[in-house]
Amino acid sequence: MQKPAELTTRSESPADNDVPPGFEDVEVNEAAAKLSSVQVSEAAPDAGDEPDTSLKTDSLVERDTEVKKVLADDTLYTSAKTFEELGLSPELLQGLYIEMKFERPSKIQAETLPLILTPPHRSLIAQAHNGSGKTTCFTLAMLSRVDPALHAPQALCVCPTRELVIQNAAVLERLGKYSGITMTSTAAADYATTRRARINEQIVVGTHGKLRDWMSKRVLSVAAMKVLVFDEADEMLKQEGFLDDSVRMMRQLQAANKDLQILLFSATFNERVKTFAQKAVKDANQVFVPKEDLSLDVIKQYRVYCPTSADKVKVLRDMIFPQCERLGQTIIFVRTRETARDVHRLMESEGHKCTSIQGGMDHTARDRVIREFRDGTTKILISTDVLSRGFDVTQVTLVINLDLPVEKDVRIPAFETYLHRIGRSGRFGRKGVAFNLVTGDTERRVIDEIEAYFKHPIPEVPYDNEEEFVNVLRRAGLTEQEA
DNA sequence: AAAAAAT
């Protein structure tokens, strides 16, 4: 694993000082200087090979969490080893222990919760691995900061998809079960048409479109908002995506409350989005993970060269579907809505049971597909990138990229999307395998670039050798578990 | 011919 020497090297690497142009240089440089001084003093004992556990309260010295913290001021934060240390209410502790069955904070929770919950409640830009418990972080943050006596919306969580809204609302509901705190979501109700009164619920989860509608109709008041969370924040701040809506949302809430706490959470922040986020959210604390450390080792990744796209379907038919009863659950990602529909129809016509989901379907159909997949009725789900981020089904062990993740210009790899897609498997330390089906020179280049970007090998498996396929699945430990 | 998101 990681040698102490490498830790020291990393802590002094120039990457720590890569202040984005146009950003408030002074503050960041001060913070960076503070950061490196912390690291040097903590790295020093390693040189003598003398274990000094008393100093190792910071995750910076932990081997498997190479986080880089940049603090906005001198406030002293101690990472939390227990939930009790966080000063959470007894009701929230009950939610954690009884309802969620959590015992202690995960690493990202231990690091970020003190940053979020300690006055002056600074904003936070936080990067955390897929399945490392970041939903719990921002959910706890919202629940802790709400005033239960005030019956008005005080925390808002914005998500990129309806499915994520539903999922986050469910976590919120469970964690807040004993708190008496009220909540609603854009997927649960249509206030604009069904009721004229204002939203009284204390926490609101939603997608942009409907939130904007509610706010413009004054159904959702921003007057008492204290916390604004962006889940999948890099996606929410992407130039050609939700950027405009997200910025407008921030301005609107900040206009009502200049002390608004903004929390940006994602597993990925590329340099461009990171730079923008740092400019958009002033004086934020920051927690980042280098991209090389993000490609989770628990997920075995392979490439499968297929001569034609018909051979891709052949791989599904001959290798994947016959194994699916032994495999837990599988998500097959495709690039377009049309492909999702077509592949679904084709496989069904051949007698293979599966479902598909894409943004063109109506809400009730989407909800039904998700429900059936969650309860295990369906083993194989074909999906566009609507589910690439955040979707959490523990039983998913296999991810197939039938189309590689690419940008609008299909020659350009969508690196972040790749990481999010394969992260749908291997949830919470379970096993996971990802097969990338590759046809043609463009996709060949794309998978090579993805491999190089994350510095993580993606070895080849032949497309027409069933025995080899089964071996790969067995070696990964996927076929041991009987359905 | 990209997906995602309002009416």
Side-chain angles (χ1 to χ4, degrees), chain A residues 156-169 184-196 199 204-220 229-250 252 266-268 273 309 331-344 356-367 369-370 381-391 399 401-421 423-424 440 442-443 446:
Chain A
L156 179 59
C157 173
V158 194
C159 316
T161 64
R162 171 184 174 82
E163 282 67 29
L164 219 38
V165 166
I166 294 171
Q167 186 174 290
N168 286 338
T184 189
S185 86
T186 55
D190 193 347
Y191 290 85
T193 54
T194 60
R195 100 181 180 186
R196 297 180 61 206
I199 290 174
V204 179
V205 185
T207 44
H208 268 310
K210 205 166 265 187
L211 287 175
R212 193 199 314 146
D213 187 40
W214 286 1
M215 280 160 66
S216 72
K217 289 176 174 148
R218 309 289 165 113
V219 174
L220 175 61
V229 177
F230 286 100
D231 191 10
E232 308 297 343
D234 62 326
E235 176 78 2
M236 304 305 272
L237 295 176
K238 229 160 85 178
Q239 198 74 52
E240 52 297 351
F242 298 109
L243 177 70
D244 291 349
D245 284 330
S246 299
V247 168
R248 199 175 303 123
M249 179 91 65
M250 284 192 221
Q252 215 164 334
S266 182
T268 50
V273 176
S309 42
I331 301 180
I332 299 170
F333 282 109
V334 297
R335 191 175 66 93
T336 66
R337 295 174 172 187
E338 192 185 16
T339 310
R341 227 177 14 231
D342 292 350
V343 175
H344 180 189
S356 66
I357 186 169
Q358 33 90 358
M361 293 162 56
D362 65 50
H363 287 166
T364 51
R366 282 168 71 162
D367 291 350
V369 168
I370 295 297
L381 175 55
I382 300 162
S383 174
T384 59
D385 281 321
V386 66
L387 291 189
S388 62
R389 284 166 172 265
F391 185 58
V399 166
N401 284 326
L402 191 69
D403 298 316
L404 294 182
V406 289
E407 299 294 341
K408 185 174 177 184
D409 177 344
V410 298
R411 296 166 301 181
I412 301 171
F415 298 111
E416 284 76 28
T417 306
Y418 178 80
L419 201 68
H420 285 279
R421 280 185 181 183
R424 294 318 95 213
T442 304
E443 284 202 319
V446 166

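Residue numbering restarts at 1 for every chain, and letters A, B, ... go by the order of the sequence lines.
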Taking any heavy-atom pair under 4.0 Å as a contact, classify [X]: base, sugar-phosphate, or nothing.
X      : result
A/G359 : sugar-phosphate
A/E235 : base
A/R248 : nothing
A/K210 : sugar-phosphate

OP1, OP2 of [N] versus side-chain N and O of [X]: anything below 4.0 Å?
X      : N     : result
A/R337 : B/dA4 : yes
A/T207 : B/dA4 : no
A/T384 : B/dA4 : yes

Query raised in the report: What's the verdict on side-chain contact (heavy atoms from CB on, under 4.5 Å) for A/R424 and A/F333, showing C-alpha distance, side-chain angles and the deciding distance?
Result: CA-CA 11 Å; A/R424 294 318 95 213; A/F333 282 109; 3.9 Å; yes

Can you tell me which nucleotide in [options] comes closest to the side chain of [X]?
X      : options             : value
A/F242 : B/dA2, B/dT7, B/dA5 : B/dA5
A/T161 : B/dA2, B/dA5, B/dT7 : B/dA5
A/R212 : B/dA5, B/dA6, B/dA2 : B/dA6

What is the distance, rounded to the nearest whole Å, between atom [atom1] of [X] and atom [atom2] of [N]?
X      : N     : atom1 : atom2 : value
A/R389 : B/dA5 : CZ    : P     : 14 Å
A/R341 : B/dA2 : CZ    : C1'   : 14 Å
A/Y418 : B/dA3 : OH    : P     : 22 Å
A/E240 : B/dA5 : CD    : P     : 16 Å
A/L243 : B/dA4 : CG    : C1'   : 14 Å
A/R335 : B/dA4 : CZ    : P     : 12 Å
A/D409 : B/dA1 : CG    : P     : 14 Å
A/D362 : B/dA5 : CG    : C1'   : 15 Å

Query - Pairwise distance CZ(A/R389) to CD(A/E232) - rounded to 0.5 angstrom - result: 5.0 Å

Query raised in the report: Hey, what do you get for CZ (A/R248) to CG (A/L211), rounding to the nearest 0.5 Å?
Result: 12.5 Å

Query - Donor-acceptor contact present, side-chain A/T186 to main-chain A/T207, <3.5 Å - result: yes

Report summary line: The residue, A/E338 or A/V386, whose nearest nucleotide of DNA chain B is more 5′ is A/E338

Query raised in the report: Under a 4.5 Å cut-off applied to non-hydrogen side-chain atoms, are A/I370 and A/D367 in contact?
Result: no

